[in-house]
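Below is one structure, written out as structure tokens, with a few remarks after it.
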Amino acid sequence: MTTILTQGVHSGKPFFESSNGSLYCAPVVQNCNISRCYNCKDISVWIHDKIVYPNTKIDIKPNSDLPEHIQALFNEAREIAELSPKGAAALLRLCIQHLCKELGESGKKIDKDIASLVSKGLNPLVQKALDVVRVVGNEAVHPGEINLDDDKGIAIKLFGLVNLISEQMISHPKHVEALYGDLPEDKLKGIEQRNNKALETK
């Protein structure tokens with residue numbers, strides 16, 4: 001009986017154990033525990049060594065400048081990252097796919113979209129970040145050399161990369177354009193004339 005119990009515990013799954021070895025007694029649920037926080041007094045439910053309630057999100061929020069549908073994907077990835085790093089990585093890859101479309105690319109093949117962005121002068125740092133999310137996201141849904149089950153930390157780092165990409169591609173240009181637009185009209189006309197002269201001398 002002890003061997004069966006040990007095997008059940010090590011399986012990481014909840015299971016029933018018959019009370020006193022009798023099938024006629026109410027079974028006892030094993031590998032499922034409830035704890036209570038000393039500080040907030042809230043209850044947590046554990047299956048083996050993982051908390052399943054309350055659902056724990058990765059503490060990285062999406063860049064607020066991301067479109068709402070991309071933020072929704074990002075937050076969905078946060079919801080499942082602890083339980084399914086592969087699923088989170090795949091969702092973050094999808095975030096990049098949608099982001100490429102927002103930046104004027106097709107949104108169909110990320111590799112081609114990144115190449116197109118590179119041809120338009122994409123920052124090499126952003127290109128590397130895009131390719132990391134693309135490659136790891138691909139490996140998450142196809143058998144590959146990167147095992148996210150063994151190194152969940154890789155999937156967690158992708159959240160930061162998606163935000164870095166969106167900051168460089170959306171937030172920074174947005175802030176620069178806002179400040180530039182606030183310059184006095186005569187200064188803007190002077191800048192435009194200077195730029196036109198520079199183009200004429202080429």
Side-chain angles (χ1 to χ4, degrees), residues 55-82 84-141 146 148 151-202:
N55 192 11
T56 53
K57 291 182 181 179
I58 297 300
D59 192 24
I60 303 176
K61 293 183 180 179
N63 181 354
S64 59
D65 287 326
L66 281 168
E68 287 186 8
H69 66 285
I70 300 180
Q71 288 193 47
L73 288 170
F74 190 104
N75 283 323
E76 186 178 348
R78 289 175 64 210
E79 292 273 2
I80 67 170
E82 287 291 343
S84 177
K86 288 180 180 178
L91 283 169
L92 291 173
R93 180 192 177 280
L94 189 57
C95 285
I96 294 302
Q97 191 167 349
H98 282 280
L99 182 55
C100 285
K101 192 171 183 180
E102 290 291 325
L103 296 172
E105 304 303 326
S106 70
K108 294 179 180 178
K109 292 190 177 180
I110 301 179
D111 200 25
K112 288 185 177 180
D113 287 347
I114 295 173
S116 175
L117 290 169
V118 167
S119 71
K120 297 173 184 176
L122 180 68
N123 183 323
L125 181 66
V126 178
Q127 170 260 306
K128 289 179 181 179
L130 284 167
D131 276 321
V132 170
V133 181
R134 175 183 66 84
V135 171
V136 176
N138 279 342
E139 295 273 314
V141 293
I146 302 173
L148 298 182
D151 193 353
K152 183 168 59 179
I154 294 176
I156 303 305
K157 289 174 183 176
L158 297 184
F159 289 91
L161 285 184
V162 171
N163 276 339
L164 180 149
I165 293 162
S166 61
E167 285 164 10
Q168 293 289 326
M169 302 298 291
I170 298 177
S171 299
H172 291 178
K174 174 185 172 182
H175 296 154
V176 170
E177 288 294 336
L179 289 171
Y180 186 81
D182 287 339
L183 291 176
E185 189 173 346
D186 61 326
K187 301 297 182 185
L188 292 172
K189 286 182 179 179
I191 293 170
E192 185 179 356
Q193 290 171 358
R194 179 206 64 194
N195 291 345
N196 289 336
K197 286 180 181 178
L199 291 172
E200 289 171 2
T201 57
K202 282 188 177 182

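- Sorted by first then second residue, the ring-ring contact (aromatic ring centres under 6.0 Å, His included) pairs that include residues 87-134, not counting sequence neighbours, are H69-H98.
- Proximity of a side-chain donor or acceptor of R78 to a complementary backbone N or O of I60 within less than 3.5 Å is detected.
- The minimum heavy-atom distance between C95 and I70, with the atom names listed, is SG-O, 3.7 Å.
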Could you walk me through whether I110 and N138 satisfy the side-chain contact (heavy atoms from CB on, under 4.5 Å) test, starting with their C-alpha distance in whole Å, then the side-chain angles of each, then the deciding distance to 0.1 Å, before giving a yes or no?
CA-CA 11 Å; I110 301 179; N138 279 342; over 6 Å; no
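- Residue D59 holds its CG atom at 7.5 Å from NZ of K61, rounded to the nearest 0.5 Å.
- Taking NZ of K86 as the start and CD1 of I80 as the end, the distance is 12.5 Å to the nearest 0.5 Å.
- Side-chain contact check for I156 versus P85: every heavy-atom pair is 4.5 Å or farther apart.
- Expressed to the nearest 0.5 Å, how far CG of L117 lies from NZ of K120 amounts to 6.0 Å.
- Nearest heavy atoms, A140 versus A90: CB-N, 4.3 Å.
- Side-chain contact between M169 and L122 is present, with at least one heavy-atom pair separated by less than 4.5 Å.
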Before giving the answer on side-chain contact (heavy atoms from CB on, under 4.5 Å), spell out for E185 and K189 the whole-Å C-alpha distance, their side-chain angles and the decisive distance to 0.1 Å.
CA-CA 6 Å; E185 189 173 346; K189 286 182 179 179; 3.6 Å; yes
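- Atom CZ of R93 is separated from atom CG of L99 by 13.0 Å, given to the nearest 0.5 angstrom.
- From Q97, atom CD reaches atom OG of S106 across 8.5 Å, with rounding to the nearest 0.5 Å.
- Between A77 and A88, the shortest heavy-atom contact is O-CB, 3.6 Å.
- Counting all heavy atoms, side chain and backbone alike, I170 lies closest to P67 at CD1-CD, 4.4 Å.
- The two residues A155 and L92 have their closest heavy-atom pair at O-CD1, 4.2 Å.
- Within a 6.0 Å radius of CG in N195, more than 12 heavy atoms belonging to other residues, nucleotides or ligands are found.
- Pairs passing the side-chain hydrogen bond (donor to acceptor under 3.5 Å, both in side chains) check and including a residue from residues 161-184, sequence neighbours excluded, read N63-S166, N63-S171, D65-S171, D65-K174.
- Using a cutoff of 4.0 Å between basic side-chain nitrogens and carboxylate oxygens, R134 and D131 are scored as salt-bridged.
- When the options I165, I154, L158, I96 are evaluated for a side chain to side chain contact (heavy atoms under 4.5 Å, CB included) with V132, the one that passes is L158.
- Scanning both residues, D113 and G107, for their nearest heavy atoms gives OD2-N, 2.9 Å.
- Without hydrogens or angle criteria, Q127 side chain to I114 main chain gives no donor-acceptor distance under 3.5 Å.
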